[in-house]
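Inspection log for the structure reproduced underneath, given as structure tokens.
None of the values given here were measured: they were computed from a predicted structure. First listed ligand is number 1; within each ligand, the first listed atom is number 1.
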Amino acid sequence: MAMIIDGKALAKSIREDITKEIGTLNYQPTLAVVLVGTDPASATYVSMKEKACLEVGIASQAHRLAADVSQRELMMLITRLNADPAVNGILVQIPLPRQLDQTAIFGAIRRDKDVDGFHPMNVGLLNLGLSGALLPCTPAGVMEMLQSINYRLKGKHVVVVGRSNVVGKPMSTLFLLADATVTICHRYTENLGLYTRQADVLVVAVGKTNLITGDMVKPGAVVIDVGTNRVGSKLVGDVVYEDVKEVAAYITPVPGGVGPMTIAMLLKNTLLAAKMQHA
Ligand code: NAP
């Protein structure tokens with residue numbers, strides 16, 4: 001029976017440390033959150049992030065734009081936020097409506113205000129293994145979860161299912177930097193179970209319920225379920241939790257696993273960005 005890696009509790013202790021550190025500063029870090037359109041899931045994420053900011057003493061500014069906002073208007077807002085010394089972090093909630101060029105928008109955010117870690121410079125620093133990058137929040141949160149159980153990644157086989165720029169790819173890079181052997185699986189991977197069964201650490205970031213069943217997991221593995229799927233009023237992951245918890249040594253629940261850690265890492269990045277700008 002697997003031990004649960006309690007993301008909610010770990011995130012709470014990280015938020016407490018952030019609150020303490022902010023208490024020692026002679027300025028208040030500020031996060032600007034840009035929400036385009038009225039997608040209910042995005043609106044919920046934005047209000048959760050705003051609430052989390054306030055709890056730790058980060059000021060949050062919400063910029064809500066109409067779904068049909070032009071690229072030029074959004075770029076003008078980013079330029080203004082980039083230049084505003086009172087704004088330390090800028091987050092543009094994704095997904096964005098189709099008329100907007102997401103890559104250009106992420107590239108326009110000042111790299112030291114890029115608290116999501118999506119700017120090409122931050123991505124490049126991470127891939128080169130250089131210091132000074134703001135790391136993408138979800139992969140950084142997963143690394144903290146593994147640290148919390150004192151997991152030594154060196155030489156271990158990690159399998160990451162999903163290769164998005166937001167989760168799968170940066171996650172795999174962090175594992176490589178930690179000297180793990182990394183296998184990345186995606187939509188076209190044939191016989192997924194062949195790979196997942198070899199994983200000492202299995203990270204699943206796809207967005208498909210019931211993708212990983214108990215027979216796809218090596219006994220004693222650490223299973224990190226990043227997926228979030230709405231089934232009726234319930235939030236579930238990509239892993240069949242009840243089955244997999246019988247096989248794995250550690251497992252993360254959904255909800256209460258990676259989700260709260262992602263928000264905690266956003267707060268950590270905002271504090272880090274503020275400190276870099278005041279240094
Ligand atoms: P995404 O951009 O849609 O990427 C999904 C990835 O899964 C793609 O690389 C895709 O492969 C791969 N995939 C699709 N079907 C597959 C299959 N049958 N077998 C293996 N791989 C398959 O999604 P994302 O942004 O990375 O997010 C992934 C999941 O994590 C979603 O449920 C999302 O809601 C959740 N999420 C949670 C948090 C959190 O804080 N808890 C944060 C971010 C994301 P291709 O590249 O070949 O298309």
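- The protein atom (non-hydrogen) at minimum distance from atom 25 (O) of ligand 1 is Ser164 OG, 4.0 Å.
- Residue contacts with ligand 1: Thr262 is placed with a nitrogen or oxygen under 3.5 Å of a nitrogen or oxygen of the ligand (distance criterion only).
- In terms of protein heavy-atom proximity, atom 20 (C) of ligand 1 is nearest to His186 O, 3.2 Å.
- Side-chain contact annotation: Gln277 with Lys113, donor-acceptor N/O pair under 3.5 Å absent.
- Using 4.0 Å as the threshold, Gly168 has no heavy atom nearer than that to any atom of ligand 1.
- No donor-acceptor pair closer than 3.5 Å links the side chain of His63 to the backbone N or O of Val33.
- When each atom of ligand 1 is checked for a heavy atom of Gly259 under 4.0 Å away, the hits are 40 (O), 41 (N).
- A donor and an acceptor atom, one from each side chain of Ser70 and Glu73, are located under 3.5 Å apart.
- Closest to atom 11 (O) of ligand 1 among all protein heavy atoms lies Arg187 N, 3.3 Å.
- Taking only non-hydrogen atoms, the option from Val226, Val236, Val142, Thr252 nearest to atom 30 (O) of ligand 1 is Val226.
- Gly207 CA, 3.7 Å is the protein heavy atom nearest to atom 31 (C) of ligand 1.
- Leu81 and Met121 end up in different hydrophobic clusters when Ile, Leu, Val, Met, Phe, Trp and Tyr side chains are linked at under 4.5 Å.
- Atoms of ligand 1 found under 4.0 Å from any heavy atom of Ala205 (numbered from 1 in listed order, with element): 5 (C), 6 (C), 7 (O), 28 (C), 29 (C).
- From the protein, the heavy atom lying nearest to atom 47 (O) of ligand 1 is Arg163 NH2, 2.8 Å.
- Neither the backbone nor the side chain of Thr189 has any atom closer than 4.0 Å to an atom of ligand 1 (non-hydrogen atoms only).
- Under the side-chain hydrogen bond (donor to acceptor under 3.5 Å, both in side chains) test applied with Asp238, the options Asn229, Thr209, Asn210 reduce to a single match, Asn229.
- Nearest-residue assignment for atom 18 (N) of ligand 1 (options Lys208, Lys169, Met171, Met265; heavy-atom criterion): Lys208.
- Contact analysis puts Thr228 in contact with ligand 1, with a non-hydrogen atom separation below 4.0 angstrom.
- The shortest N/O to N/O separation between Asp238 and ligand 1 does not fall below 3.5 Å.
- Clustering ILVMFWY residues whenever any of their side-chain heavy atoms sit less than 4.5 angstrom apart, transitively, puts Leu35 in a cluster other than the one holding Tyr45.
- Atom numbering of ligand 1 starts at 1 in the shown order; those under 4.0 Å from a heavy atom of Val167 are 26 (O), 43 (C), 44 (C).
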